[in-house]
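Numbers here are sequence positions counted from 1.
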Amino acid sequence: MTVLLTGASSGIGRASALAFARDGAKVLAVARDAARLAALAAELPGRIVPLPADVADGASMEALAAKVLAEHGVPDVVVANAGMGHDARFEATSDEALRRLFELNVFGVWRTVRPFLPGMRERGAGRIVIVSSVVGKRGTPNYSAYSASKFALHGAADALRSELWGTGVSVGLVCPSSTTTEFQQRIVREGVPQKRVRVASHTPESVAVAIVRMASSTRREIVLSAEGRAMHVLNRIAPRLMDWILWRTLVKG
């Protein structure tokens with residue numbers, strides 16, 4: 001099995017690359033940091049192929065897709081994992097930050113998946129796995145822009161499933177909560193510091209296990225944390241109550 005995976009140089013992506021490779025897959029590991037990718041590939045020689053590229057750069061991803069198709073063919077699995085966070089109130093979110101966020105979190109997913117769909121359709125098999133977030137299920141205060149970018153992925157996945165009906169190609173979403181990775185340190189923050197509450201965190205390895213399982217499944221979606229599942233259920237039953245709970249815990253002084 002050949003797996004193309006973005007955001008592979010650190011955190012969830014790095015853990016997933018190693019998990020796929022240890023499971024016997026050939027991993028086409030994509031990220032901007034060539035040195036980190038080389039170090040990753042050195043851990044399992046011959047199983048991980050480092051492919052430096054930037055999902056936020058259209059030309060870079062076009063070149064990557066051409067290289068992958070020419071040298072490795074159509075991947076069996078494409079995992080769109082690369083992304084960035086953004087912590088700011090709605091009114092403090094600048095146009096520049098919003099564009100940068102969507103360029104990576106949304107446009108980057110299109111650039112990752114789009115080049116390989118024709119080959120997957122022709123082959124009659126393929127799996128797309130998109131790494132989203134629990135805030136793609138229910139927006140939370142201080143993360144309006146980030147939530148919007150993840151909600152976009154859920155809408156795209158729903159539409160793509162219908163477009164791919166009967167082709168043998170399926171789409172799955174993985175929705176972690178907070179994860180103990182460098183992602184937290186790289187979140188863009190604008191405006192005044194926001195109130196936080198202690199929440200359970202996943203390890204990169206635990207999310208990687210879910211991603212590997214989703215790659216060999218036809219499951220539509222998985223929400224990894226109990227609190228994320230509870231928030232989603234309560235929001236469906238009593239959305240105004242959920243509004244109040246989030247205001248009380250994350251907004252009220």
Asker: Do Leu164 and Val74 share a hydrophobic cluster (ILVMFWY, side-chain heavy atoms under 4.5 Å, transitive)?
Answerer: yes
Asker: Identify the residue among Asp57, Leu37, Asp54 that makes a side chain to side chain contact (heavy atoms under 4.5 Å, CB included) with Arg32.
Answerer: Asp54
Asker: Nearest 0.5 Å, please: how far is CG in Leu51 from CG in Leu28?
Answerer: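 CG of Leu51 is found 5.5 Å from CG of Leu28.
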Asker: Between Glu96 and Arg100, does any side-chain N to carboxylate O distance fall below 4.0 Å?
Answerer: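 Looking at Arg100 together with Glu96, the answer is yes, because their closest N to O distance falls below 4.0 Å.
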Asker: Is any side-chain heavy atom of Phe116 closer than 4.5 Å to one of Ile128?
Answerer: no
Asker: Quick one: pull up CE in Met84 and OH in Tyr146 and give me the separation to the nearest 0.5 Å.
Answerer: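 So the gap between those two atoms works out to 10.0 Å.
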Asker: If you look at every heavy atom in Ala21 and Leu44, which pair is closest and at what distance?
Answerer: CB-CD1, 3.5 Å
Asker: Indicate yes or no: at least one non-hydrogen side-chain atom of Val79 is less than 4.5 angstrom from one of Leu4.
Answerer: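 No, too far: nothing below the 4.5 Å cut-off.
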Asker: Should Arg47 and Asp23 count as an ion pair when the cut-off is N to O under 4.0 Å?
Answerer: no
Asker: Side chains of Leu153 and Asn105, heavy atoms from C-beta outward: is any pair under 4.5 Å?
Answerer: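 Counting from C-beta outward, Leu153 and Asn105 never come under 4.5 Å.
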Asker: Using a 4.5 Å cut-off on heavy atoms from C-beta on, say whether the side chain of His86 contacts that of Thr93.
Answerer: yes
Asker: Going by heavy atoms in the side chains, are Val223 and His232 under 4.5 Å from each other?
Answerer: no
Asker: Parallel, tilted or perpendicular: which fits the ring planes of Phe151 and His154, with parallel below 30° and perpendicular above 60°?
Answerer: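 The rings of Phe151 and His154 sit tilted, inter-plane angle from 30° to 60°.
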Asker: Any non-hydrogen side-chain atom of Met231 less than 4.5 Å from a side-chain atom of Ile245?
Answerer: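 Side-chain contact under 4.5 Å: no.
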Asker: Do Ile222 and Met214 have side chains that approach each other closer than 4.5 Å (heavy atoms only, starting at C-beta)?
Answerer: yes
Asker: Just verifying a value: how many Å separate Thr167 OG1 and Arg161 CZ, rounded to the nearest 0.5 Å?
Answerer: 12.5 Å
Asker: So, the side chain of Thr6 versus the backbone of Ala82: is there a donor-acceptor pair under 3.5 Å, distance only?
Answerer: yes
Asker: Just do the side-chain hydrogen bond (donor to acceptor under 3.5 Å, both in side chains) check on His72 and Thr2 with the steps written out, would you?
Answerer: CA-CA 8 Å; His72 304 281; Thr2 300; over 6 Å; no
Asker: Report, as yes or no, whether the 6.0 Å neighbourhood of atom CD on Glu205 holds more than 12 heavy atoms from other residues, nucleotides or ligands.
Answerer: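 Yes.
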Asker: Provide the closest heavy-atom pair for Ala17 versus Ile48 in the form atom of the first, atom of the second, distance.
Answerer: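 Answer, listing the atom of Ala17 first, then Ile48: O-CD1, 4.1 Å.
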Asker: Working to the nearest 0.5 Å, report the span between OG1 of Thr112 and CD1 of Ile130.
Answerer: 9.5 Å
Asker: How long is the gap from CG on Asp158 to CD on Glu221, to the nearest 0.5 Å?
Answerer: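 Asp158 atom CG to Glu221 atom CD measures 8.5 Å (nearest 0.5 Å).
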Asker: Regarding Arg127 and Ser170, is there a side-chain donor-to-acceptor distance under 3.5 Å anywhere?
Answerer: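 Yes - a donor-acceptor pair under 3.5 Å links their side chains.
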Asker: List the steps and the verdict of side chain to side chain contact (heavy atoms under 4.5 Å, CB included) for Val134 and Arg229.
Answerer: CA-CA 8 Å; Val134 293; Arg229 292 190 292 272; over 6 Å; no
Asker: Are Glu103 and Arg111 close enough for a salt bridge, meaning some N to O gap below 4.0 Å?
Answerer: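 Result for this pair is yes, salt bridge flagged.
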Asker: Kindly give the heavy-atom pair with the smallest separation between Ser16 and Ile211, and that separation in Å.
Answerer: OG-CD1, 3.4 Å
Asker: Answer whether the closest heavy-atom distance between the side chains of Thr203 and Val207 falls below 4.5 Å.
Answerer: no
Asker: Looking at CG of Leu241 and CG of Asn235, how far apart are the two atoms once the value is rounded to the nearest 0.5 Å?
Answerer: 9.5 Å
Asker: If you count the non-hydrogen atoms of other residues, nucleotides and ligands that lie under 6.0 Å from CZ in Arg213, is the total more than 12?
Answerer: no
